[in-house]
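Here the structure comes first, spelled out in structure tokens, and everything after it is commentary.
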Amino acid sequence: MAKKPNKLKARLPRGFLDRSADDIRATDEMIGRIRAVYEKYGFDPVETPAFEFTDCLGKFLPDTDRPNAGVFSVQDEDDQWMSLRYDLTAPLARHVSENINEIQLPYRTYRAGWVFRNEKPGPGRFRQFMQFDADTVGAPGVQADAEMCMMFADTMEALGIPRGQYVIRVNNRKVLDGVLDSIGLGGEENDERRLTVLRALDKFDKFGADGVRLLLGEGRRDESGDFTSGAKLTEEQIDPLIKFADFESILKGARYSNALDDLLGPYPLPFQEHPTTWSDPESVDSHTQAAWQDKIDSLSALVELPSSVSDCWNIENLSIFALLFDPNEKIIEGLNELAQIAALIESSGYSEAQIKIDPTVVRGLEYYTGPVYEAELLFDVTNEKGEVVQFGSVGGGGRYDGLVKRFTGRDVPATGFSMGVTRLMTALKNLGKLNSSDVVAPVLVTVMDGDVDALGRYQKMVQDLRSAGIRAEMYQGNWKKFGNQLKYADRRNCPVAIIQGSDERSVGELQIKDLIEGKRLSEEITDNITWRESRPAQITVKEADLVETVRGLLDDQAEDRRRQSEG
RNA sequence: GCAGACGUAGCUCAGUUGGUUAGAGCGUCGGAUUGUGGCUCCGAAGGUCGGUGGUUCGAAUCCACUCGUCUGUACCA
């Protein structure tokens with residue numbers, strides 16, 4: 001006997017998703033809300049295509065062994081490499097550069113689009129996902145960064161995430177760079193190690209202070225036994241970094257019982273001559289105390305805290321912890337910018353519960369040059385299996401002053417951020433915060449006779465309903481199995497079915513069946529004969545009353561749904 | 001990329017120390033019911049046991065390789 005031909009296996013590449021009607025409607029809803037916020041802030045849309053020349057995306061030309069590592073790349077007819085965009089920022093920089101003469105700077109713009117990354121997908125991470133970006137191009141001042149943070153916070157709230165359930169964390173690359181300089185990691189020869197250190201710091205949320213300490217030192221072994229080699233810093237370098245990054249727990253006494261003792265204690269600072277304790281000022285010799293006070297005074301003179309900034313913004317604490325290092329110009333400049341951002345945000349009425357200065361934020365290792373910010377969800381997200389998922393950030397951004405200059409040679413400072421629409425939607429969906437759509441399935445006009453005249457009459461009913469603004473359709477399957485028509489209507493959640501056979505037709509009537517009410521009534525009927533013959537929730541009306549009756553039923557059902565959702 | 005776990009029907013899974021013709025539930029389709037959704041009952045279809053090679057009289061089962069999925073980790077512009 002001949003082998004049956006192998007069936008083609010239907011399969012989807014991993015990391016890609018088919019989107020359901022509910023998903024699409026929910027995404028549209030989200031995008032609408034985000035867009036409304038951006039528009040209100042005075043931003044205009046712009047759209048760029050999915051493909052760009054690979055070099056314009058800022059990616060080096062693909063190497064021949066693995067041309068698709070990280071990005072999806074193809075070669076055009078003329079052998080030039082093109083790639084699917086992996087974010088919306090690099091294409092924007094290209095667009096601005098190419099149209100720099102027509103664009104009025106500062107250019108305030110937003111856009112939503114699919115981006116593609118050829119890397120291993122994980123929970124809530126896909127190879128195609130949607131981002132929604134906003135950028136201000138040609139604005140050098142921190143006020144532009146501050147505005148981005150505020151708009152970010154407004155967007156989160158517009159999406160229905162209540163205050164306290166999200167936070168926008170703000171940091172400044174200049175502070176981080178200055179800190180790394182001061183522990184001897186400045187200069188080009190340390191580029192690689194700086195990256196390793198920043199990556200390690202970025203994992204603070206995931207692995208905590210102890211894990212980060214390992215990554216800064218020799219390395220860390222994960223639970224599968226795989227080993228990640230570390231930055232191989234010395235204890236003297238690691239200690240202040242950890243304390244700087246973890247300063248909030250230190251202040252709260254959460255991690256170190258004698259926190260401020262530690263601050264002074266175990267590693268030599270230039271001004272520290274004797275080990276001492278800070279928590280008990282009596283035990284500190286006057287010389288050391290004075291040295292510290294000098295340091296703090298001189299730092300306060302350098303970091304101009306605007307008078308309007310209150311303590312809650314962490315600037316002062318951050319400044320004190322910057323003393324762990326020898327504060328250089330970069331640190332001072334970075335702290336000043338953060339202080340100004342805090343002042344601007346505060347005077348606009350935002351609180352620390354919404355936007356927070358946080359030295360552990362590391363983003364965009366490649367191109368960010370100043371303030372960086374990211375949005376994090378603070379509620380637990382559970383997946384389909386009911387497990388709590390580490391969700392991390394749902395969007396972020398920062399200042400990228402060099403990106404346009406790559407093309408134009410002109411200094412065009414810019415700042416902007418990106419919302420991860422797909423990620424956010426996964427979170428909101430799992431949280432049940434997405435109002436599953438209000439779209440009601442269509443009214444079904446059933447088919448009792450299949451001749452052209454009859455079909456014409458059914459189609460006319462459908463058109464009458466549609467003309468009245470009611471979603472409606474005629475059954476398109478095998479009409480001879482009438483039971484299947486109602487089964488179809490039931491599974492589609494059709495609210496109402498219209499039935500007209502020759503009996504009704506001959507007296508100018510039709511049957512209108514309320515499928516929702518009928519389903520409710522059916523719960524009390526166990527016997528099939530009764531169920532079929534009682535024809536629950538079914539009424540007979542004149543043909544002319546079709547539209548009016550259906551509209552009445554739909555209104556009643558909508559009212560019921562509204563009441564139910566209210567409790 | 002690295003490490004680990006797992007691949008049996010459309011889905012969720014069972015399958016004994018290697019032993020005849022690989023099973024169940026759900027779902028699908030048909031019928032009981034030519035004009036009424038649910039329930040119930042009867043019946044049917046649906047499998048290269050991920051693939052290739054090997055050990056064996058005999059492999060879903062043991063071995064090797066390979067592909068795929070999942071988890072952790074790396075990368076994440």
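- Comparing A74(B), G37(B), U28(B) against the side chain of Lys120(A) picks out A74(B) as the nearest.
- Phosphate contact (OP1/OP2 of U69(B), side-chain N/O of Arg14(A), threshold under 4.0 Å): present.
- If you measure from atom NZ of Lys206(A) to atom C1' of C75(B), you get 11 Å, rounded to the nearest angstrom.
- G50(B) and A59(B): their P atoms are spaced 15 Å apart (whole Å).
- For Lys481(A) against U33(B), no side-chain N or O and base N or O form a donor-acceptor pair under 3.5 Å.
- Side-chain nitrogen and oxygen atoms of Arg221(A) include none within less than 4.0 Å of the OP1 or OP2 phosphate oxygen of G4(B).
- Residue Arg535(A) places a side-chain atom within donor-acceptor reach of the base of U36(B), judged by atom type and a 3.5 Å distance cut-off alone.
- Distance CD (Glu192(A)) to C1' (A74(B)): 14 Å, rounded to an integer number of Å.
- Between the side chain of Gln538(A) and the base of U36(B), at least one donor-acceptor pair of N or O atoms lies under 3.5 Å.
- Note: NZ (Lys487(A)) to P (G38(B)) measures 5 Å, nearest angstrom.
- The base of G35(B) is paired with the side chain of Glu504(A) by a donor and an acceptor separated by under 3.5 Å.
- OP1 and OP2 of U36(B) both lie 4.0 Å or more from every side-chain N or O belonging to Trp531(A).
- Put simply, Tyr367(A) does not rest on the base of A77(B): the two rings are not both less than 5.5 Å apart at their centres and under 30° in tilt.
- With both ends at atom C1', the span from C2(B) to A22(B) equals 37 Å, rounded to whole Å.
- Considering only side-chain N and O atoms, Arg199(A) lies under 4.0 angstrom from the phosphate OP1 or OP2 of C75(B).
- Between the CG atom of Asn528(A) and the P atom of C41(B) there is a distance of 13 Å, given to the nearest Å.
- Per the geometry, CG belonging to Asp503(A) stands 12 Å off P belonging to U36(B), to the nearest Å.
- Atom name P, nucleotides U12(B) and G7(B): the rounded distance is 13 Å, in whole Å.
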